[in-house]
Amino acid sequence: MSQTMIRPETRTLVLHADDNIAVALANLDAGTQTPQGTIVAKRVPKGHKFATRTISAGDAVVKFGQIIGFATTDIAVGEWVHEHNCGMGEHHGVFERNYDFCAGVVAPEMVPVAERASFQGYRRANGKVGTRNYIGILTSVNCSATVAKFMAEAINGSGILDDYPEIDGVVPFVHGTGCGMESRGEGFDILKRTQWGYASNPNLGAALLVGLGCEVFQIGRMKETYGIADNETFQTMTIQESGGTKKMVEWGVEKIKEMLPVAAAARREAVDASELTLALQCGGSDGYSGITANPALGHAADLLVRNGGTAILSETPEIYGAEHLLTRRAINREVGEKLIERIHWWEDYTARNHGEMNNNPSPGNKLGGLTTILEKSLGATAKGGSTPLTAVYEYAELVREKGFVFMDTPGFDPVSATGQVAGGANVLTFTTGRGSAYGCKPVPSIKLATNSDMYERMSGDMDINCGEIVEGVSIEDKGREIFETILRVASGERTKSEELGYGDNEFVPWQVGATM
């Protein structure tokens, strides 16, 4: 964007001097004259686009100063621009990226250590810091999902947690895979990384891993891979070893009771913001996402990085078409090339499954004003702010580098966030324009509304209204508000999704490969 404050009286918005479209900030009827002097030819819905110049068939449609598609027919000045006249360019042009590796790297101005922002977190024995203190029950296979739920219900419904106020709850992390799959390769490795990533996430004070016994995903094999053994905060068992369902549940309940005082011994202490690993998510995006919430979150991510922390951008299908903006920020060519390798993997993956990258945006995204994946990606990428890209990770890999990083994940929010949490995220921010209902135990999820209408309609679900940006609040001020909210939530303030009880069903490991 060429500006950081939007006048509240402006009903349309031109985002960049090179753009040949403008965005409607209100429903515009045919015949409306815009502040730029354009006469609207046909009704343009709020959040949608209209042409400010004549765009000939085959010409690029430009928003944010970037190509978002190509005209599939001649588009007159004032005409609504959407699916009926704008496409990806397969027939009328080719979108060429200039990756220009490392050309845009600008070192951020870091906050001195003594002046860094701080929060109240749980410092673990391994040095990691949690923002919550849950006990988790992980399952190696779908067959052990029910016993995990029975264990959690027995503890959460017993009243025993009233004696342990430092514990946020007992959560079963169940899934639908773990067997009927290859015992090696990409899909198996993803599940293995996800399971151990959750078990070792600093927001868990203790964890159980329960299985059936005969599944492909063997608990013993995972423990051997990571060099771990059962201890007072990590226990494993299978239904077949324990002697059946009832005995397994009894075993789990007793183990959790033993873990309760150990986990409850944790106390919050002051730590600086460098111990925060922030997952950046968006869902139910609309025409406002790239104008309000996403750039404001990007500013908050920059503040976190300047304070020594880490921000994880993900959802590879939703940076498609904007990846060249990230490669320019890569700290070296190797990091940039790794990002492009993941893009090519996705192009091949979708082709093998008879799909295409432009299957995303969703119908809801399109109703909200987004036309192509290129347009959606430019808005989504804004969540990553402006600091250098220090690393690119595969799904659920442990994030080790500080600063702004990227993790390869699908765009489907629960799957994407599951990978980020497995990678070590201890707090999550989620922008939404349509109004996504989402939570993420054991990591608190802060919901950011892109527009005021939806915020007011779903105020019980939304934590921050970024729609105020089109009403006069600057992106920088809203970004500071988001950053300060992250610090408070990391210190224990509950988010709307936590108050509503979301998060028990959002553990969704990415399934890659054949079900056999």
Original post:
Does His175 reach the side chain of Asn142, with side-chain heavy atoms less than 4.5 Å apart?
Top reply: no

Does a sphere of radius 6.0 Å around [atom1] in [X] hold more than 12 heavy atoms from other residues, nucleotides or ligands, not counting ones at 6.0 Å or beyond?
X      : atom1 : result
Glu269 : CD    : yes
Gln240 : CD    : yes
Glu347 : CD    : yes
Arg184 : CZ    : no
Lys149 : NZ    : no

Counting only N and O atoms by type, is there a donor-acceptor contact under 3.5 Å from the side chain of [X] to the main-chain atoms of [Y]?
X      : Y      : result
Thr450 : Tyr288 : no
Ser377 : Gly321 : no
Ser144 : Val210 : yes

**OP:** For the pair Glu115 and Arg306, find out whether any cationic side-chain nitrogen is under 4.0 Å from an anionic carboxylate oxygen.
**Re:**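 Not counted as a salt bridge, because no side-chain N and carboxylate O are separated by less than 4.0 Å.
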
Subject >> Electrostatic pair Glu506-Lys441, nearest N-O below 4.0 angstrom >> reply: no

Please tell me whether [X] and [Y] have a donor and an acceptor in their side chains that are separated by less than 3.5 angstrom.
X      : Y      : result
Ser289 : Asn294 : no
Thr277 : Asn426 : no
Asp408 : Trp345 : no
Gln281 : Ser416 : yes
Asp286 : Asn365 : no
Thr131 : Asn203 : yes
Ser314 : Gln420 : yes
Thr236 : Lys223 : yes

**OP:** Begin with the C-alpha distance, continue with both residues' side-chain angles, and end with the deciding distance and a verdict on side chain to side chain contact (heavy atoms under 4.5 Å, CB included) for Leu448 and Lys478.
**Re:** CA-CA 10 Å; Leu448 312 176; Lys478 187 58 66 172; over 6 Å; no

**OP:** Measure across Ala293 and Ala449 and return the closest heavy-atom pair with its distance rounded to 0.1 Å.
**Re:**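 So the minimum-distance heavy-atom pair works out to CB-O, 4.2 Å.
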
**OP:** Would you list the pairs meeting ring pair (Phe, Tyr, Trp, His ring centres under 6.0 Å) in which at least one residue belongs to residues 435-461, sequence neighbours left out?
**Re:** Phe430-Tyr438

**OP:** Could you name each residue pair satisfying ring pair (Phe, Tyr, Trp, His ring centres under 6.0 Å) that touches residues 191-214, not counting sequence neighbours?
**Re:**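 Residue pairs passing ring pair (Phe, Tyr, Trp, His ring centres under 6.0 Å), neighbours aside: Phe173-Tyr198, Trp196-Tyr226, Trp196-Phe234, Tyr198-Phe507.
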
Original post:
Listed by chain and number, what are the side chain to side chain contact (heavy atoms under 4.5 Å, CB included) partners of Glu498, not counting sequence neighbours?
Top reply: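 Counting only residues at least two positions away or on another chain, Glu498 forms a side chain to side chain contact (heavy atoms under 4.5 Å, CB included) with Arg132, Tyr134, Pro444, Arg494, Thr495.
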
